[in-house]
Amino acid sequence: MSPSARPKNDTFLRALLREPVDYTPVWLMRQAGRYLPEYNETRRRAGSFLNLCKNPQLACEVTLQPLSRFELDAAILFSDILTVPDAMGLGLYFADGEGPKFERPLREEWVIRGLTAPDPNVHLRYVMDAVAEIRRALDGSVPLIGFSGSPWTLACYMVEGGSSADYRTVKTMLYDRPDLMHHILQVTATAVVDYLNAQIESGAQAVMIFDSWGGALSHAAYREFSLAYMQRIVADLKRSHDGQRVPCIVFTKGGGQWLEAIADIGCDAVGLDWTTDLGEARRRVGNRVALQGNLDPMALFASPDKVAAEARRVLDSFESDSSASEKSCGHVFNLGHGISQFTPPENVKVLVDTVHSHSRRSSAGS
Ligand code: CP3
């Protein structure tokens with residue numbers, strides 16, 4: 001079924017706002033990606049991953065691909081978190097098989113002092129065009145999620161110059177020159193606010209901040225160098241557009257131990273990786289925020305009946321803390337991190353269908 005042929009479905013937005021829903025909505029981090037043969041075909045036509053991100057028609061095409069295969073309850077803009085540092089002049093490229101890299105990583109003080117936040121409507125115009133194009137194509141079928149990296153996670157790539165096993169360069173700066181680190185984070189936080197607000201104005205109906213490397217920080221450093229900047233971003237975000245609330249999700253991978261602190265920064269929902277129990281998380285945050293997550297992406301490699309059993313386990317873990325009247329309230333099902341490129345697509349269908357059927361049944365029984 002093409003997305004626009006579907007009835008309008010805002011279950012995802014209602015779950016984020018902890019309004020009653022008939023079933024638990026589901027979407028998957030990296031749902032458009034290399035595990036889908038049709039994605040690989042479009043990427044081949046584009047010539048590269050970055051060309052795909054920079055072409056609004058093709059970005060729209062791949063955003064919609066998982067929705068025509070699976071009954072997902074949200075679409076996520078096809079792009080990457082590293083387009084922001086690219087627009088700040090660092091020169092993003094993808095070396096074959098090595099992941100993202102920057103031609104000009106941030107190492108020298110004079111370069112860092114000269115860093116400025118880009119105008120998203122100029123330097124990231126292709127993202128805004130993709131958002132508008134995807135919204136048109138979705139035609140209200142499911143909501144569109146916009147996103148950004150957190151300042152800390154972006155800074156990791158900006159200073160390291162690419163992925164890192166131990167964050168040695170960026171942590172050396174954090175401990176030795178906290179003033180410089182804070183300067184990078186301040187400019188990047190401004191860039192993220194402008195970028196997310198521009199996405200909202202272009203049509204994003206919810207936004208998510210990916211703090212993928214927040215969990216690599218010490219207890220004290222997390223608050224000072226990651227959470228404080230996400231708090232500022234959340235405070236400066238447009239929270240409604242065109243008369244609709246625009247919910248905001250914050251996801252720190254490895255952040256389960258800081259759950260209460262994250263829930264207190266003013267976001268609508270907190271994303272959890274698979275190491276935290278959802279029922280316990282709910283007891284800890286009460287009704288302050290919705291929760292998103294948290295199936296281990298590797299569970300998708302098991303046989304279909306095991307995939308279904310794990311999906312039910314995640315749903316039941318959330319319900320384990322709810323009173324009957326609150327059933328299916330405030331949970332968005334997702335993976336605990338991005339889907340692996342080796343995932344069998346058939347198992348994704350089993351997952352999505354099980355989330356819907358099992359949560360419908362449990363809410364009908366309430
Ligand atoms: O969720 C979605 O479907 C939306 C698209 C999306 C991508 N990247 C597409 C992508 C989103 C939300 C991201 C976020 C992102 N990018 C993060 C935060 C989330 C996370 O995973 O923790 C990070 C850290 C990045 C940086 C990045 N981009 C890396 C490390 C890589 C290489 C990953 C790998 O597996 O090789 C990318 C490339 C990337 N971004 C791909 C996709 C589909 C694969 C590119 C390809 O087609 O070769």
Side-chain angles (χ1 to χ4, degrees), residues 26-55 58-67 69-70 72 74-86 90 92-102 127 130-131 134 142 144-158 160-165 167 170 192 195-196 199 204 206-216 226 230 249-255 271-274 292-293 297 332 334-343 348:
V26 51
W27 71 278
L28 307 176
M29 289 188 261
R30 298 267 177 107
Q31 63 190 22
R34 288 168 292 182
Y35 74 104
L36 293 177
E38 58 271 33
Y39 169 84
N40 292 321
E41 169 55 29
T42 311
R43 183 181 184 274
R44 198 189 49 73
R45 264 197 286 137
S48 72
F49 169 67
L50 267 188
N51 284 352
L52 192 50
C53 292
K54 292 187 176 179
N55 180 318
L58 294 182
C60 177
E61 184 179 311
V62 294
T63 300
L64 301 181
Q65 285 170 348
L67 299 166
R69 269 194 190 243
F70 316 117
L72 294 158
I76 179 159
L77 161 70
F78 187 83
S79 189
D80 197 81
I81 61 167
L82 301 179
T83 54
V84 170
D86 185 49
L90 275 70
L92 175 65
Y93 68 99
F94 282 81
D96 251 355
E98 284 183 62
K101 292 214 181 300
F102 286 113
V127 177
V131 169
I134 299 164
V142 291
L144 174 61
I145 307 166
F147 69 88
S148 170
S150 72
W152 164 251
T153 294
L154 294 177
C156 285
Y157 286 97
M158 291 159 82
E160 295 286 345
S163 304
S164 165
Y167 310 95
V170 69
V192 169
Y195 182 55
L196 287 176
Q199 288 184 37
V207 292
M208 174 152 163
I209 302 172
F210 285 89
D211 186 28
S212 308
W213 308 133
S226 186
M230 295 198 287
I249 310 161
V250 170
F251 171 59
T252 290
K253 181 158 182 289
L272 290 169
D273 68 27
W274 60 91
Q292 178 174 279
V332 171
N334 206 316
L335 304 177
H337 200 203
I339 190 167
S340 154
Q341 61 173 307
F342 306 110
T343 306
V348 176

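Read the numbers this way: they start at 1 and go in the same order the structure lists the ligands and their atoms.
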Would you please indicate if the ring centroids of Y39 and F49 are separated by under 6.0 Å? no

How long is the straight-line distance from OG1 of T343 back to CZ of R34, given to the nearest 0.5 Å? 11.0 Å

What do you reckon, are the aromatic ring centroids of Y157 and F102 less than 6.0 Å apart? no

Does one side chain, of Q65 or T42, offer a donor that lies under 3.5 Å from an acceptor on the other? yes

What does the 4.0 Å heavy-atom contact list look like for ligand 1? M29, R30, Q31, A32, R34, Y39, R43, F49, I76, L77, F78, S79, D80, I81, L82, F94, P100, F147, Y157, F210, S212, H337

Heavy-atom pair with the smallest gap, counting every atom of I81 and S148: CG2-C, 3.9 Å

Excluding sequence neighbours, so at least two apart, what forms salt bridge (charged side-chain N to carboxylate O under 4.0 Å, His left out) with R45? E61

